[in-house]
Amino acid sequence: MRPWFMSSGLLLLLAALSFAQSDRQKTPAFKLSADEQKLLDLTNAERKKEDLPPLKANPILCQVGRRHSQNMAKQEKLDHVLDGKSPFDRLDDAKYDYQSGAENVAMSAEEQPTMADIFKLWMDSDLHRKNILSAKYTEIGLGIAKNGKGEVYCTQIFATPFKK
């Protein structure tokens, strides 16, 4: 018969392993908001019309896009460069290892703009349309923020990661 302390040590170890596994399972899965998903769907629908593969939402890119949209909303400023940081600086800060990247930003002062309205602004602009329909990008980040005035700021950040 084993001494009681060996059995309890094993139980404690099993309990610790079980706790560590359940703790990992509690980490929330990455999820797009309904508006972010709508922008992704609109983007991929346009890409499909051009026989381009769909872009995949990347959690790191979405974090970059969300933070940039929040910063634009806070500063009430539509710009690719805020606080001296470009989209590429923000990608580097997020430690996203990329081959190429681009960014689309938009702002709507309408009280209740739809994501289709925002997307139309991008598609009506040659440069923004080119980013959306570029075959070189494989991943996307999306971010949407609203300020106290009701202005909606949106970011799309496109990238192609280095192969691992």
Side-chain angles (χ1 to χ4, degrees), residues 24 26-164:
R24 267 186 257 133
K26 289 180 186 175
T27 304
F30 167 72
K31 188 167 166 56
L32 295 174
S33 72
D35 284 340
E36 290 168 341
Q37 185 64 55
K38 180 66 176 173
L39 282 179
L40 179 60
D41 292 345
L42 290 166
T43 299
N44 283 334
E46 286 300 319
R47 290 176 64 84
K48 186 175 183 175
K49 289 178 190 176
E50 301 295 322
D51 292 321
L52 294 168
L55 297 172
K56 294 179 185 142
N58 176 286
I60 294 171
L61 294 178
C62 285
Q63 181 181 52
V64 170
R66 288 169 178 171
R67 286 182 180 163
H68 187 59
S69 291
Q70 290 164 356
N71 196 17
M72 288 190 297
K74 180 178 141 192
Q75 294 188 35
E76 298 179 2
K77 186 176 179 183
L78 178 69
D79 206 332
H80 293 285
V81 179
L82 289 178
D83 305 322
K85 297 218 176 210
S86 73
F88 307 105
D89 294 324
R90 291 189 290 276
L91 287 173
D92 291 341
D93 289 348
K95 302 199 180 343
Y96 180 88
D97 196 17
Y98 62 97
Q99 297 177 39
S100 59
E103 180 180 75
N104 287 349
V105 294
M107 187 274 281
S108 177
E110 289 183 33
E111 203 165 301
Q112 293 293 332
T114 67
M115 292 303 105
D117 296 334
I118 298 289
F119 191 74
K120 184 176 180 337
L121 292 172
W122 283 327
M123 290 303 289
D124 288 345
S125 160
D126 288 338
L127 185 58
H128 294 95
R129 180 184 179 85
K130 183 178 172 186
N131 287 340
I132 290 167
L133 298 178
S134 175
K136 68 181 170 182
Y137 303 124
T138 59
E139 296 186 340
I140 189 171
L142 302 142
I144 302 164
K146 192 175 190 178
N147 65 15
K149 292 181 177 180
E151 298 166 331
V152 176
Y153 291 81
C154 299
T155 302
Q156 284 183 312
I157 187 145
F158 305 91
T160 301
F162 276 111
K163 300 284 185 229
K164 294 178 179 160

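Please read these numbers as outputs of a predicted model, since none were measured by experiment.
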With a 3.5 Å distance limit and no angle check, can you tell me whether [X] reaches the backbone of [Y] through a side-chain donor-acceptor pair?
X    : Y    : answer
D93  : R90  : no
S134 : K130 : no
D83  : K85  : no

Could you give the distance from [atom1] ([X]) to [atom2] ([Y]), rounded to the nearest 0.5 Å?
X    : Y    : atom1 : atom2 : value
S33  : L39  : OG    : CG    : 8.0 Å
Y153 : E76  : OH    : CD    : 5.5 Å
I132 : L52  : CD1   : CG    : 11.5 Å
I118 : I144 : CD1   : CD1   : 8.0 Å
Q156 : C62  : CD    : SG    : 10.5 Å
E103 : L61  : CD    : CG    : 11.0 Å

request  = If the plane angle is over 60° it's perpendicular, under 30° parallel, otherwise tilted; pick one for W122 and F119.
outcome  = perpendicular
Could you tell me which non-hydrogen atom of [X] sits nearest to which non-hydrogen atom of [Y], and how far apart they are?
X    : Y    : value
S108 : P113 : OG-CB, 3.4 Å
A57  : L40  : CB-CD2, 4.2 Å
A159 : Y96  : CB-CE2, 3.5 Å
G101 : F88  : O-CE2, 3.4 Å
R129 : M123 : NH1-CE, 2.7 Å

request  = Say whether D117 and T114, considering side chains only, have a donor N or O and an acceptor N or O under 3.5 Å apart.
outcome  = yes
Is there a side-chain contact between [X] and [Y] in this structure, where contact means two heavy atoms from C-beta onward sitting under 4.5 Å apart?
X    : Y    : value
I60  : E139 : no
T138 : P161 : yes
K136 : Q99  : no
M72  : T155 : yes

request  = Just jot down the salt bridge (Lys or Arg N to Asp or Glu O under 4.0 Å) partners of D124, sequence neighbours excluded, or say none.
outcome  = K120
remark   = By salt bridge (Lys or Arg N to Asp or Glu O under 4.0 Å), E151 pairs with (sequence neighbours left out) none
message = Taking side-chain contact (heavy atoms from CB on, under 4.5 Å) as the criterion, tell me which of N131, N104, L55, L133 meets it with T43.
response = L55
ask   = Should the heavy atoms of other residues, nucleotides or ligands under 6.0 Å from CZ of R47 be counted, would the total exceed 12?
value = yes
